[in-house]
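To keep things clear, I will list the structure first and then write my remarks on it.
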Amino acid sequence: MLDPAILKNDIESLELNLERRNLDVDLKELTALDELRRELRFEAEKLRSEQKTLGKQIASADEKTKNELLDQASQMSEKVKELFEKVDVADKNFMDIWIKIPNLISTTSPDGISDKENSEIKKFGEIRNINNPKDHLEIAESLGLIDVQKASEVSGSRFSYLFGDLVKIEFNLVLWAMQQLSDKGFKPTIPPVLVRENALYGTGFFPDDAEQVYEIPNDDLYLVGTSEVPLAALHSNEILDTATLPIRYAGFSTCFRREAGTYGKDTTGIFRVHQFDKVEMFSFCDPEKSEEEHKFILSVEEELLQALEIPYRVVDVCAGDLGSSASKKYDIEAWIPSQQTYREVTSCSNTTDFQARRLNIRGKADGETNVLHTLNGTAIAVGRILIALIENNQTEDGKVEFSDSVAEIIGVKNLS
RNA sequence: GGAGGGAUGGCCGAGCGGACGAAGGCGAUAGUCUUGAAAACUAUUGUAUGUAUUCCAUACCGUGGGUUCGAAUCCCACUCCCUCCGCCA
């Protein structure tokens with residue numbers, strides 16, 4: 001959520017932002033709603049103040065004047081109640097719209113409407129020349145390492161069974177990533193994957209992306225699509241000592257996504273599934289330093305991919321392709337031989353104060369409090385890393401062979 | 001799942017219808033004293049919003065409603081914590 005003060009102080013930035021996001025919002029109406037609620041509140045508070053004074057008089061009044069005052073106070077009470085009801089309505093009218101206003105886009109993010117306008121800022125790694133590259137499913141299925149058919153019988157489409165060495169690789173990857181991150185000051189964390197709706201509102205997934213989230217209606221809980229949600233909410237309603245920042249977490253969790261509206265997209269294998277495991281980085285940091293922190297998180301992502309010898313490129317995500325909470329986002333896309341293109345394997349966002357304001361996360365230094373910045377980034381999205389590892393290291397006879405240094409990380413030299 | 005007890009400021013803890021944004025203590029910060037430190041003493045010590053900008057007003061005593069002229073205090077619902085019983089990876 002943005003600071004509503006922007007309506008008064010810097011409406012031009014807001015206008016520009018909505019334009020870049022290709023959104024049409026009536027700012028005049030919003031400003032009017034904001035002014036109305038302020039006005040009403042001012043009036044209501046004034047009256048409330050009078051009511052309190054009157055109430056105090058009653059306490060010390062003699063019997064005679066007391067009845068008179070009580071009469072007066074009774075009427076006053078009615079009025080105050082009515083006025084505050086109006087204030088509540090005005091607040092709600094404003095907030096219903098305001099909560100949907102997305103974060104301010106960084107001036108450094110490229111313009112554009114869709115991912116086609118994302119700008120490539122770096123390429124790394126050598127793309128091996130593979131004759132007739134097979135896709136990961138074909139390879140893994142034939143080696144008995146993945147079964148999506150049986151999974152779709154049991155659970156539906158976009159689920160999978162992983163077997164044998166792929167399981168071993170997953171656990172090794174996760175443990176390795178945790179170790180790397182821990183060395184860099186990220187506290188290893190296993191957060192809850194079921195959360196209340198508050199955490200989803202706070203992180204900006206609700207109300208806009210609610211259709212992507214699995215719901216447990218009996219218990220009013222939701223399955224998270226990323227550990228970003230419980231990690232961000234970890235410090236909600238807290239005031240952190242600025243001297244302790246940045247506070248970094250490395251969260252491991254299974255992630256659940258409904259993938260509504262993606263029918264027909266990426267239907268092969270485990271690229272886009274309803275359930276996958278992920279190690280996620282999350283940072284609470286000083287607003288002054290969030291750009292720096294963002295670059296740091298990106299550099300960690302690159303480091304991990306480089307160690308795994310996966311060719312990739314980094315893209316600066318354009319305005320129209322940013323989620324509502326992100327101010328700036330870098331995606332890393334790994335080379336996928338079967339598709340002869342780069343596909344997203346990690347993503348890191350600077351959400352500036354957007355989530356922190358909603359979650360009420362503040363910092364305090366020298367008696368001053370301010371809303372913090374939060375950032376998140378993928379360390380290892382297991383499924384997609386497995387795909388990149390399998391496809392980029394496939395051999396001509398449909399097997400997989402890893403380099404010694406990669407094998408050392410993942411604990412497996414060959415898939416055959 | 002059943003039966004009880006509880007939730008107050010950074011922490012402990014009093015208050016149980018009016019002078020309470022909240023006693024007292026601890027902690028923290030500043031000052032006095034001291035060669036320095038400790039101790040002692042003194043003062044300060046939450047957050048947010050506003051048509052207020054070192055003043056003032058309003059809100060916040062787990063959350064949301066209600067009763068009342070007036071609620072930390074009474075009533076209802078919810079959430080969380082603790083104890084006991086049952087069940088359980």
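Proteins come first, then strands; the chains are lettered A, B, ... in the order of their sequence lines, and each starts at number 1.
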* Structure fact -> Separation of B:U58 atom P from A:Glu39 atom CD, nearest Å, is 20 Å
* **Separation of atom CD in A:Glu238 from atom P in B:C11, rounded to whole Å** => 11 Å
* side-chain hydrogen bond (donor to acceptor under 3.5 Å, both in side chains) partners for A:Asn350, two or more places apart -> A:Ser290
* Step by step, work out the salt bridge (Lys or Arg N to Asp or Glu O under 4.0 Å) result for A:Asp96 and A:Lys92. => CA-CA 6 Å; A:Asp96 279 352; A:Lys92 189 175 180 303; 2.8 Å; yes
* Asked: Taking the C1' atom of each, how far is B:U54 from B:U44, in whole Å?
  -> 15 Å
* Expressed in whole Å, how much space separates the P atoms belonging to B:G25 and B:U45? -> 15 Å
* Using atom C1' of each nucleotide, how far apart are B:G62 and B:G6 to the nearest Å? -> 11 Å
* To do: Ignoring backbone atoms, establish whether A:Ser49 has a side-chain N or O less than 4.0 Å from OP1 or OP2 of B:A57.
  => no
* Verify whether one side chain among A:Ser13 and A:Asp10 offers a donor that lies under 3.5 Å from an acceptor in the other. => yes
* Whole-angstrom distance between B:A23 and B:U79, as gauged at atom C1' -> 29 Å
* Determine whether more than 12 heavy atoms belonging to other residues, nucleotides or ligands lie under 6.0 Å from atom CD of A:Glu68. => no
* With respect to the side chain of A:Arg38, which nucleotide from B:U47, B:U49, B:A57 is positioned closest? -> B:U49
* Asked: With Watson-Crick and G-U wobble geometry limited to distances under 3.5 Å, how should the secondary structure of RNA chain B be encoded in dot-bracket form, using | for bases paired to another strand and [ ] for crossing pairs?
  -> ((((((((.[[[..)..(.....]]]((((((.......))))))(((((.....))))).[[[[[..)....]]]]])))))))....
Report, one line per pair, each donor and acceptor closer than 3.5 Å where one atom sits in a side chain of residues 155-172 of chain A; sequence neighbours left out.
{"unit_1": "A:Arg158", "atom_1": "NH1", "unit_2": "A:Lys265", "atom_2": "O", "d": "3.3"}
{"unit_1": "A:Arg158", "atom_1": "NH1", "unit_2": "A:Asp266", "atom_2": "O", "d": "3.1"}
{"unit_1": "A:Arg158", "atom_1": "NH1", "unit_2": "A:Arg272", "atom_2": "O", "d": "3.1"}
{"unit_1": "A:Arg158", "atom_1": "NH2", "unit_2": "A:Thr262", "atom_2": "O", "d": "2.8"}
{"unit_1": "A:Arg158", "atom_1": "NH2", "unit_2": "A:Thr262", "atom_2": "OG1", "d": "3.3"}
{"unit_1": "A:Arg158", "atom_1": "NH2", "unit_2": "A:Lys265", "atom_2": "O", "d": "2.9"}
{"unit_1": "A:Lys168", "atom_1": "NZ", "unit_2": "A:Gly411", "atom_2": "O", "d": "3.2"}
{"unit_1": "A:Asn172", "atom_1": "ND2", "unit_2": "A:Lys168", "atom_2": "O", "d": "3.2"}
{"unit_1": "A:Asn172", "atom_1": "ND2", "unit_2": "A:Ile410", "atom_2": "O", "d": "2.8"}

* Determine the interatomic distance between P on B:G86 and the same-named atom on B:G2; round to the nearest Å. => 16 Å
* Asked: What's the CG-P distance between A:Asn360 and B:U47, to the nearest Å?
  -> 12 Å
* Can you tell me how far P in B:C60 sits from the matching atom in B:U53, rounded to whole Å? -> 24 Å
* Find the distance A:Phe42:CZ to B:A59:P and express it as a whole number of Å. => 14 Å
* To do: Return the value, rounded to whole Å, for the distance between atom CG of A:Asp220 and atom P of B:U79.
  => 9 Å
Table please: side-chain donor-acceptor pairs of residues 108-115 of chain A below 3.5 Å, with sequence neighbours left out.
{"unit_1": "A:Thr108", "atom_1": "OG1", "unit_2": "A:Ser106", "atom_2": "OG", "d": "2.6"}
{"unit_1": "A:Thr108", "atom_1": "OG1", "unit_2": "A:Lys328", "atom_2": "NZ", "d": "3.0"}
{"unit_1": "A:Asp111", "atom_1": "OD1", "unit_2": "A:Arg20", "atom_2": "NE", "d": "2.6"}
{"unit_1": "A:Asp111", "atom_1": "OD1", "unit_2": "A:Arg20", "atom_2": "NH2", "d": "3.3"}
{"unit_1": "A:Ser114", "atom_1": "OG", "unit_2": "A:Lys116", "atom_2": "N", "d": "3.2"}
{"unit_1": "A:Ser114", "atom_1": "OG", "unit_2": "A:Glu117", "atom_2": "OE1", "d": "3.4"}

Please write out the pairs of protein N or O atoms and N or O atoms of nucleotides 68-73 of chain B separated by less than 3.5 Å, giving the distance to one decimal.
{"unit_1": "B:C69", "atom_1": "O3'", "unit_2": "A:Ser77", "atom_2": "OG", "d": "3.3"}
{"unit_1": "B:G70", "atom_1": "OP1", "unit_2": "A:Ser77", "atom_2": "OG", "d": "3.0"}

* **Exercise: do A:Asp331 and A:Ser347 side chains pair donor with acceptor under 3.5 Å** => yes
* Considering only atom C1', compute the distance from B:U73 to B:G18 and round it to an integer number of Å. => 11 Å
* Asked: Counting any heavy atom closer than 4.0 Å, what does A:Lys46 reach on the DNA or RNA strands: base, sugar-phosphate only, or nothing?
  -> nothing
* **Most 5' of A:Arg41 and A:Arg196 on RNA chain B, judged by nearest nucleotide** => A:Arg41
Pair up each side-chain donor or acceptor in residues 213-237 of chain A with any protein partner under 3.5 Å, not counting sequence neighbours, and list the distances.
{"unit_1": "A:Tyr214", "atom_1": "OH", "unit_2": "A:His274", "atom_2": "ND1", "d": "3.2"}
{"unit_1": "A:Thr226", "atom_1": "OG1", "unit_2": "A:Glu228", "atom_2": "N", "d": "3.0"}
{"unit_1": "A:Thr226", "atom_1": "OG1", "unit_2": "A:Lys278", "atom_2": "NZ", "d": "2.8"}
{"unit_1": "A:Glu228", "atom_1": "OE2", "unit_2": "A:Gln355", "atom_2": "NE2", "d": "2.8"}
{"unit_1": "A:Glu228", "atom_1": "OE2", "unit_2": "A:Asn376", "atom_2": "ND2", "d": "3.4"}
{"unit_1": "A:His235", "atom_1": "ND1", "unit_2": "A:Glu238", "atom_2": "OE1", "d": "2.8"}
{"unit_1": "A:His235", "atom_1": "NE2", "unit_2": "A:Tyr249", "atom_2": "OH", "d": "2.7"}
{"unit_1": "A:Ser236", "atom_1": "OG", "unit_2": "A:Ala233", "atom_2": "O", "d": "2.8"}
{"unit_1": "A:Asn237", "atom_1": "OD1", "unit_2": "A:Asn360", "atom_2": "ND2", "d": "3.1"}

* Asked: When rounded to the nearest Å, what value does the distance between C1' atoms of B:U32 and B:G21 take?
  -> 30 Å
* To do: State, with a plain yes or no, whether a side-chain heavy atom of A:Lys295 is found less than 4.5 Å away from one of A:Tyr330.
  => yes
* Structure fact -> Rounded to whole Å, CG of A:Asn237 lies from C1' of B:C80 at a distance of 14 Å
* **Atom-pair distance (CG on A:Leu83; C1' on B:U58), nearest Å** => 13 Å
* A:Asp219 CG to B:C80 C1': how many Å, rounded? -> 16 Å
* When the nearest nucleotide of RNA chain B is assigned to A:Phe84 and to A:Leu40 on a heavy-atom basis, which residue is associated with the more 5' position? -> A:Leu40
* **Basic-acidic side-chain contact under 4.0 Å: A:Lys86, A:Glu43** => no
* Are any of A:Arg37's side-chain N or O atoms less than 4.0 Å away from OP1 or OP2 of B:G50? -> no
* Using only side-chain N and O atoms of A:Lys8, determine if any of them is under 4.0 Å from OP1 or OP2 of B:U51. => yes
* Between the side chains of A:Asp397 and A:Thr395, does any donor sit under 3.5 Å from an acceptor? -> yes
